[in-house]
Amino acid sequence: MKKFVPIFLILIMSIFIFLPVYGVSAATVKPSSMFTTTDFVLDGTPLPYTAGLSDGNTTKVQYTLGAISDTTNDSVVMVFDETIKLNKLNVGFLSTVDLKLTAYDANKQSLGSVKFVTTGIKSAIESWKGKDIKFLYLENLSSSSASVTEFLIDSVSIAHPEISNVLSTVTDKSFSMTWNTPKDNPNFIQTNIYKNGTKIANVAKEIDVWKDDDVLPNTSYTYKLTAVYDDGFETSGVNITDITSAEPPDPSKIPPSNVTDLAVSNITDTSLELGWLNPDDDDLDKINIYKNGTLLESIPVNSMYKVIGLTPNTSYTFSVSAVDTDGNEGTKQTTTATTLDGKDNVAPDAPKGLTVEAGNKVLYLKWNKNLEDDLLGYNVFVNGVKQNTIPIKNTFFTIADLSNGTDYNVSISAVDTSSNESPRTTEKQGIPNEDGMPLLSTDYDLIDVAKGVENWFSSFWLIIAFAIAIPLSFYIASRIKLMFLE
């Protein structure tokens, strides 16, 4: 075991070694820790970095390295927080010694060694020029102890700034990033990119954008960007997490918008009409009509449909939906309706134009004809009492056997084939009188009249024939005469 222990002797001479620092002002750097060690194994006893090692006093011994045969105190390792570039190294010791100083980088790879074989300043450490040093390992290779008075490290730590201002832009198929690199740092060489903990790229220092196309839609990804420097140092990195966009729907699978304002009108016992507003989609192909959940018919784009063949007094559910040219169907809009009971409950209008003319013991009535298609006839009322047993087909009626000088209030109503009766007309007043036209009556019925007309024509047909034939013969004779004269 090779060990390093402090000594307190006076150092007479010093060795000064200069290395360049790339335009950066130098400063004294102290190791963050020191260990006694065995063959550069960092598990030795910690040692304090005595301030006297860098105070410039070469007359006071700070540490003593034991002879090479002394396995307890012949070597020490100095560790720095970050790699350094040496500007100046001042090592002071007494008497003739055989010391070896080795530099290591952050990966514990040797950068070369320097030996001090005589008292005072020895060789310049040109082999370390521009190297990034993380560890210094000092060994005593001589057969006698070495008294060290000075170990001044005049250097500048290499700055390792992080990547900054990392921003992401995502789609359903890509994850893109932009960032700011420490481009003003001459030691920065590249950016490393990690995806969910796995390194996926080394990016040259001039590049500050990256696009990853190997992603899935609607998925969270975490990327880390680290800065890498020419001393092998890699920063801890900056993380950015984002979720890729959901995959956009296939346009050919997007259903049309819904129909609106679905309403029912013109309800009868066996039919009704549906009306609606169509959406503004420019690829509408047809409209589906449903009755009680079953497709009734697909029709060309329209905003009205008449449903027929329904059952009276029955409740139905109707739905209407729009269908586009790709066969996608919008959401059904639904309404309900109940058909009428099948009976005609609509009465005709009250007759208009009723007039009453007074006669001798009689009243003569007239009125305008109603226009209903299912009109059956009319009822006549005198003082509220109906005068007819069946509806009257005509638009006139005679009320007989009345008393002259008596007021009678007359009204009429219309009746349809379903026995619906209209409201009665406003009552009209009539007063029969002796000066009025009497009602002519006879004991003959219609059959008697028909037979009388028949007998009359049978008796006088010869007279009528001669009355027609004689003038006709004279006319014909005159026309023939004219033909020969011409």
Side-chain angles (χ1 to χ4, degrees), residues 264-273 306-314 337-457:
V264 180
S265 62
N266 298 329
I267 301 175
T268 70
D269 57 330
T270 60
S271 66
L272 53 80
E273 291 183 1
K306 185 173 183 178
V307 185
I308 60 175
L310 302 177
T311 302
N313 195 29
T314 302
T338 301
T339 53
L340 302 180
D341 60 9
K343 297 180 180 179
D344 180 7
N345 297 316
V346 180
D349 294 334
K352 296 178 174 60
L354 174 62
T355 63
V356 178
E357 182 181 351
N360 189 357
K361 296 184 180 181
V362 67
L363 293 176
Y364 301 101
L365 311 182
K366 291 191 302 182
W367 59 88
N368 298 331
K369 182 180 180 180
N370 278 39
L371 300 178
E372 288 82 4
D373 293 336
D374 60 346
L375 183 70
L376 180 62
Y378 305 90
N379 291 329
V380 176
F381 300 86
V382 176
N383 294 335
V385 179
K386 188 167 76 168
Q387 301 300 301
N388 53 297
T389 56
I390 61 174
I392 299 167
K393 304 294 185 180
N394 300 316
T395 57
F396 57 87
F397 189 75
T398 301
I399 307 172
D401 300 325
L402 302 178
S403 299
N404 289 334
T406 301
D407 291 343
Y408 294 94
N409 294 318
V410 180
S411 62
I412 61 174
S413 66
V415 182
D416 65 17
T417 55
S418 298
S419 299
N420 299 305
E421 185 175 8
S422 74
R424 297 177 190 179
T425 61
T426 302
E427 289 183 335
K428 296 277 186 162
Q429 190 180 62
I431 304 174
N433 59 81
E434 294 180 354
D435 297 330
M437 179 183 295
L439 178 64
L440 298 178
S441 61
T442 178
D443 293 332
Y444 297 106
D445 59 16
L446 185 60
I447 296 176
D448 293 332
V449 173
K451 288 183 177 181
V453 172
E454 179 184 357
N455 292 334
W456 185 84
F457 271 103

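Throughout, residue positions are numbered sequentially from 1 according to the sequence presented.
- Note that CG of D407 and CD1 of I431 are 4.0 Å apart. Values are rounded to the nearest 0.5 Å.
- Between V264 and A337, the shortest heavy-atom distance links the atoms CG1-CB, 3.9 Å.
- Separation of atoms CG (L272) and OG1 (T270) is listed at 9.5 Å; rounding is to 0.5 Å.
- Between Q387 and F397, the shortest heavy-atom distance links the atoms CB-CE2, 4.2 Å.
- Atoms OG1 and CG, from T426 and N409 in turn, are 11.5 Å apart once rounded to the nearest 0.5 Å.
- N420 and A347 get closest at one heavy-atom pair: CB-CA, 3.6 Å.
- Residues L439 and A400 share a closest heavy-atom pair of CD2-CB, 3.6 Å.
- The shortest heavy-atom contact between P348 and A414 is CG-O, 3.5 Å.
- Atom CG of residue D269 and atom OG1 of residue T314 lie 10.0 Å apart, to the nearest 0.5 angstrom.
- Atom NZ of K428 is separated from atom CG of L365 by 11.5 Å, given to the nearest 0.5 angstrom.
- A 4.5 Å side-chain heavy-atom check between L340 and P312 finds every atom pair outside the cut-off.
- Within 6.0 Å of the CG atom in D401, the count of heavy atoms belonging to other residues, nucleotides or ligands does not exceed 12.
- With contacts defined as side-chain heavy-atom distances shorter than 4.5 Å, the pair S422/D349 does not qualify.
- For the pair Y378/V380, no side-chain contact is recorded, criterion being any heavy-atom separation below 4.5 Å from C-beta on.
- Here the shortest heavy-atom pairing between S418 and D344 reads OG-CB, 3.2 Å.
- Evaluation of the side-chain hydrogen bond (donor to acceptor under 3.5 Å, both in side chains) test over residues 366-376, restricted to residues two or more places apart or in two chains, returns N370-E372.
- To the nearest 0.5 angstrom, L402 atom CG is 4.5 Å from Y408 atom OH.
- None of N379, L376, D416 except one satisfies the side chain to side chain contact (heavy atoms under 4.5 Å, CB included) rule with E421; the exception is N379.
- Without hydrogens or angle criteria, T339 side chain to N313 main chain gives a donor-acceptor distance under 3.5 Å.
- Y364 places a side-chain N or O within donor-acceptor distance of the main-chain N or O of M437, the cut-off being under 3.5 Å.
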* Apply side chain to side chain contact (heavy atoms under 4.5 Å, CB included) to N360 and N404, showing your working. => CA-CA 7 Å; N360 189 357; N404 289 334; 2.7 Å; yes
